Amino acid sequence: MKKYLLRRALFALGTLIGVSMIIFVVLRVLPGDPLVAILGVEGHARMMPADKARIMADLGLSDPLAIQYLRWLRDIVTGDLGKSFFRGDTVRDLILHRGPISAEIALLALVVSWIVGLPAGIASAVKPNGWLDAVARVVSIVFIAVPGFWLGLLIVLALLFWFGYKAPIIIVHVWENPWQNFQQVIGPAVVLGLAQGAYISRMSRSCLLEVIREDYVRTARAKGADEKVIVLRHALPNALLPVITISGVLLGFVLGGSVAVEQAFGVPGLGRALVIAIIERDIIVVQNLVLLYAAIFVVVNVLVDLSYAWLDPRIRY
Amino acid sequence: MSPDSVAAVAEVPAAPSGSSVTRELLLFARRNPLAVAGALVGFAIILVAIFAPVIAPRDPLKANFARMNKAPDAQAYFGTDQVGRDTLSRVIYGARTSLFVAFSAVLLGTTTGSLWGVACGYLGGRFDLVSQRVMEVMQAFPDLILAMAISMAIGTGLPAVIVAIAITRIPFGGRVIRSVALSVREMQYVEAGRASGASAMRIMTLHVLPQCVAPYLVLATTHLGVAIVIEAALGFLGVGVPPPTPTWGNMLADAITNLVPWWWLVFFPGAAITVTVLAFNLLGDGIRDTLDPRLSPAFLRMMTGGRRG
């Protein structure tokens, strides 16, 4: 087990180093001069070449690429992630300030998806092709197709139109004012959670249907166990493993989707910061935030893999 | 694939008669009414996109300052925007951009990925090992975020958006098709080809590739919906196809520049995205259900027009 753990961790580390290389290369080969992005076309044209060179050197952009890359790796290890081109704040402060709200949204979305998806999947599987199953399947097909950011916009619009309500627009952390914080995160969490819930209900339905066909479930039935006990105590635990996996995979969808959904709800989370940085071509901020999103995705999927061994006693590494 | 299904495939004549394809299409339709509905709606949307100049009631770019921010009425069924452009016409032209981007991106990305997957599965060895690692790294990025970063790096025009979305599709194609190629590699006729001295290139293109067509089509249909959503999200976030070209995404971005957005400017473009994605997803689901859990020979025949292996 320890050996497997180590191997899996090294593997993930390798993936992340690959990720960082891709980010670095993609962001350094961009055709535009970063100075044009910072100063604007006119400002750039009016500036003396010597001044340009000085600014490039100040930003650390005139060193060889290999040096720049190694310096970035060093910065990651030391936790000093550099500064935004445009604002004085460091990337670390940005993450610490805006990260918690995005993390809350992602976690809450996960909770919503299980609360909505699992019961729907169970209800579908208990009476396959019944009316409840039909409803659950249609609803899940629709929620998979609806883009989260559009659903978000509609919700914001409806609340504004009918109730004149708007969630707080500046960051309110949960430790400052839990109620205002809740208003800020619940919308994005529900929208993201519903879409994931649709996948969860599909997955749990098909897994449960498969498990219910197994011999040991028939044995339980033959012994006259209550149907509720059979499904919830005997079948469900064995059907959950793939559902947990898909939940990990879906996290990528939540992380990506949250960027657009945060924009729709006007939540000033990390996703908004990433969008702004991309539009402003703020390379230092973009490279660190993209790496952060990828790192979270990779780490969570490692944790999902490891949870297998813990949940299923048959699996031992 | 079991021996008898291979036999069934072998019985098919080289040139398919029209009637047998029709029969199998009808069979498919009876089993998957939703998929057929999806196909019809998707087809209708494609037609709308192609014939946009004929169908659209007005010029999507022409401002009309006499009629700004009008709610839907008899003159403009979907209302007008901040500068009086007709929303219905913009939604229709938006279909053009969205579908063009989605089809190109999937064609480019899924095809690249699939060819790569065939090579990985057939060649194996170190090439496969390295390729798998590379695809793993690509899949470590959330889709939208990778697409955003790439389109930032190469500019925000139409080609940049297509390439950005295409790159996010590559590993999906690669992984699925690789597994198909892996199983095909072990089949006897491939072995026979190897024994008679055919080159790896020849076996891959003539013997392995045709087997990958059906799973490729499933993949492509499924990923069309994903590509449309990514395109719309990029447009919505301001890093997609730039205005004034109307896309469903940038129309939504436009709509929320107002402090209190008009409902019709939000509702219609988003509804267009939803309906389109729903249509392609239903079609993809239907095709996949037919192929899963086992690739049914009847369907494979239909998809590849009877010529196999």
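Throughout, protein chains are lettered first and strands after them, A, B, ... in sequence-line order, and every chain is numbered starting at 1. Only a predicted model underlies this, so the values are computations on that prediction, with no experimental measurement involved. The basis for the numbers below is simple: all heavy atoms, side chains too, and nothing from hydrogens, waters or symmetry mates.
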Counting only heavy atoms not in B:W263 (residues, nucleotides, ligands), do more than 12 fall under 6.0 Å from its CH2? yes

Checking heavy atoms, do the side chain of A:I278, its backbone, both or neither come under 4.5 Å from chain B? both

Polar side chain donor-acceptor pair, A:Y199 to A:S247, under 3.5 angstrom: no

Answer with side chain, backbone, both or neither: which region of A:V286 has an atom nearer than 4.5 Å to a non-hydrogen atom of chain B? side chain

Sort B:L278 into side chain, backbone, both or neither according to what part of it lies under 4.5 angstrom from a heavy atom of chain A. both

Presence of salt bridge, B:D128 and B:R133, under 4.0 angstrom: no

Are side-chain heavy atoms of B:F141 and A:I23 found at a separation under 4.5 Å? yes

Per the side chain to side chain contact (heavy atoms under 4.5 Å, CB included) rule, which among B:L146, B:V106, B:L234 passes with B:I165? B:L234

Would you mind checking which part of A:A295 comes under 4.5 Å of any heavy atom in chain B, side chain (CB onward), backbone (N, CA, C, O), both or neither? neither

Of the backbone (N, CA, C, O) and the side chain (C-beta and beyond), which part of B:I228 lies under 4.5 Å from a heavy atom of chain A, both, or neither? neither

Quick check for you: among A:L153, A:L289, A:L274, which has the greatest number of heavy-atom pairs under 4.5 Å with chain B? A:L153

Check each atom of A:F11 against the heavy atoms of chain B and say whether the ones under 4.5 Å are side chain, backbone, both or neither. side chain

Of the listed B:A253, B:A255, B:A271, the one with the largest count of heavy-atom pairs under 4.5 Å with chain A is B:A271

Flag the one option from B:L144, B:I230, B:L237 with the top tally of heavy-atom pairs under 4.5 Å to chain A. B:L237

Charged N to carboxylate O under 4.0 angstrom, B:D285 versus A:R202? yes

Any idea which of A:V298, A:L151, A:V259 has the most non-hydrogen atom pairs under 4.5 angstrom with chain B? A:V259

Heavy-atom proximity to chain B below 4.5 Å, by part of A:L160: side chain

Most contacts with chain B, counted as non-hydrogen pairs under 4.5 angstrom, among A:V19, A:V254, A:L16: A:V19

Quick one: which of A:G271, A:A158, A:A260, A:G18 has the most heavy-atom pairs under 4.5 Å with chain B, could you say? A:A260

So, the part of B:F267 with a heavy atom under 4.5 Å from chain A: the answer is both

Scan side-chain atoms only and decide if B:W264 and B:T87 contain a donor-acceptor pair under the 3.5 Å cut-off. no

Partner chain B: residue of A:V290, A:L291, A:I144, A:N301 with the largest heavy-atom pair count (under 4.5 Å): A:V290

Heavy atoms, side chains only, cut-off 4.5 Å: are B:V275 and B:V41 in contact? yes

Measure distances from A:I22 to the heavy atoms of chain B and classify the residue's part below 4.5 Å as side chain, backbone, both or neither. side chain

Taking it one step at a time, do B:S131 and B:W116 satisfy side chain to side chain donor-acceptor pair (under 3.5 Å)? CA-CA 8 Å; B:S131 300; B:W116 192 4; 3.0 Å; yes

Shortest non-hydrogen contact between B:P246 and B:T97, atoms and distance: O-OG1, 3.0 Å

